[in-house]
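Structure record follows, encoded as structure tokens.
Here the structure is a predicted model, which means the values were calculated and not measured.
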Amino acid sequence: MSENPVYETEFVENDSDENVKNMDFYKKLRIRVNTFLAKHPNARFAGFLAAVPDVFYLMIRLMADKRVPIGAKVKVAGAVSYFILPIDIVPDFVPMAGLLDDLVVSVTLLNRALDEIDPAIVDEHWMGEGQVYDFIKSVLDKGDKLVGGKAWNFICKVFGKKQE
């Protein structure tokens with residue numbers, strides 16, 4: 001996987017300064033994941049790790065989209081905050097496990113927001129592989145394997161049970 005310059009051009013030219021800062025986080029995240037996957041191409045959950053920057057990008061775009069209801073934006077903002085803040089269930093300094101933790105918590109919160117967002121808007125902003133709703137279901141179905149049973153139970157308790 002390589003960094004796609006279309007993301008940067010589209011994001012920087014059309015969005016506010018705050019979103020440019022978030023884009024810098026996205027680029028650093030993309031580089032971090034790509035570097036890890038280049039060194040460990042057969043890493044467990046590589047497909048999920050590869051999608052972490054895409055989930056972050058989706059959330060930033062949903063927050064910037066005027067068609068997304070404010071209640072959904074608040075939930076998505078919580079997920080973005082969890083990505084950015086250093087305080088996590090699994091600390092970010094734990095190689096890749098910290099990113100999987102960010103992914104699972106963010107997708108759990110994002111899943112709660114999706115009921116309020118037109119699916120066409122979500123699809124429009126998804127830059128990852130496959131269908132976004134299939135990816136979200138896959139993350140939620142494998143949450144316990146991605147972060148471990150105890151962490152998954154804690155995530156479900158704090159952020160709500162997964163929706164089928």
Side-chain angles (χ1 to χ4, degrees), residues 1-12 14-15 18-20 22-34 36-37 43-84 88-90 96-147 151-152 155-156 158-164:
M1 254 186 224
S2 63
E3 188 172 330
N4 186 337
V6 174
Y7 294 162
E8 182 177 1
T9 303
E10 176 186 351
F11 210 95
V12 171
N14 295 330
D15 290 319
E18 182 62 30
N19 284 337
V20 171
N22 289 331
M23 189 61 194
D24 290 341
F25 180 84
Y26 166 81
K27 290 190 312 187
K28 289 175 189 173
L29 185 60
R30 172 63 69 198
I31 291 166
R32 182 176 167 200
V33 169
N34 287 349
F36 178 84
L37 291 175
R44 189 171 184 211
F45 305 123
F48 290 101
L49 285 171
V52 168
D54 298 320
V55 171
F56 183 80
Y57 181 82
L58 170 66
M59 293 186 303
I60 294 301
R61 297 300 299 185
L62 290 174
M63 286 187 351
D65 194 310
K66 291 179 169 102
R67 300 169 293 173
V68 174
I70 192 73
K73 285 184 180 187
V74 169
K75 291 172 187 160
V76 174
V80 169
S81 297
Y82 191 84
F83 248 103
I84 295 172
D88 287 357
I89 296 167
V90 178
M96 295 305 112
L99 285 180
L100 288 173
D101 158 67
D102 290 347
L103 175 70
V104 172
V105 170
S106 297
V107 166
T108 301
L109 288 168
L110 181 60
N111 186 49
R112 295 180 72 200
L114 291 180
D115 289 339
E116 304 171 43
I117 305 172
D118 179 345
I121 295 170
V122 178
D123 289 339
E124 177 183 325
H125 294 304
W126 177 242
M127 298 300 202
E129 296 286 324
Q131 299 295 314
V132 64
Y133 290 96
D134 292 341
F135 177 76
I136 288 169
K137 183 177 180 342
S138 179
V139 170
L140 294 174
D141 287 346
K142 291 180 173 54
D144 61 333
K145 291 177 181 65
L146 293 170
V147 295
W152 176 243
I155 291 167
C156 289
V158 172
F159 299 108
K161 298 227 182 260
K162 66 180 179 176
Q163 296 177 5
E164 296 298 328

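Checked against salt bridge (charged side-chain N to carboxylate O under 4.0 Å, His left out), Lys75 has the following partners two or more places apart in sequence or in another chain: Glu116. Residues forming a side chain to side chain contact (heavy atoms under 4.5 Å, CB included) with Ser138 (at least two apart in sequence, or on another chain): Phe48, Lys142. Every residue two or more places apart in sequence or in another chain was checked for a side chain to side chain donor-acceptor pair (under 3.5 Å) with Gln131, and none qualifies.
Nearest heavy-atom pair, Val52 versus Leu99, reported as atom, atom and distance to 0.1 Å: CG2-O, 4.1 Å. The minimum heavy-atom distance between Ala46 and Leu37, with the atom names listed, is CB-CD2, 3.8 Å.
Ring to ring, Phe135 and Trp126 are close: their centroids are under 6.0 angstrom apart.
Judged purely by distance below 3.5 Å, without hydrogens or angles, the side chains of Tyr82 and Asp101 pair a donor atom with an acceptor atom.
Residues Val132 and Val55 fail the side-chain proximity criterion, which asks for heavy atoms closer than 4.5 Å. The side-chain heavy atoms of Met127 and Leu58, taken from C-beta on, include no pair separated by under 4.5 Å. Side-chain atoms of Val76 and Leu109, non-hydrogen and from C-beta on, never get closer than 4.5 Å to each other. Residues Asp123 and Tyr133 are in side-chain contact: their nearest non-hydrogen atoms beyond the backbone lie under 4.5 Å apart. You'll find the side chain of Glu124 reaches within 4.5 Å of the side chain of Arg67, heavy atoms only.
Here the CZ atom belonging to Arg61 is positioned 12.0 Å from the CD1 atom belonging to Ile121, to the nearest 0.5 angstrom. Within the model, atoms NZ of Lys28 and CZ of Arg32 stand 12.0 Å from one another, a figure rounded to the nearest 0.5 Å. Between Ile117 atom CD1 and Lys73 atom NZ the span is 9.5 Å, to the nearest 0.5 Å. Remark: Asn111 CG to Ser106 OG distance equals 12.0 Å, nearest 0.5 Å.
Looking at Arg30, its side chain does come within 3.5 Å of a backbone N or O of Ala50 through a donor-acceptor pair.
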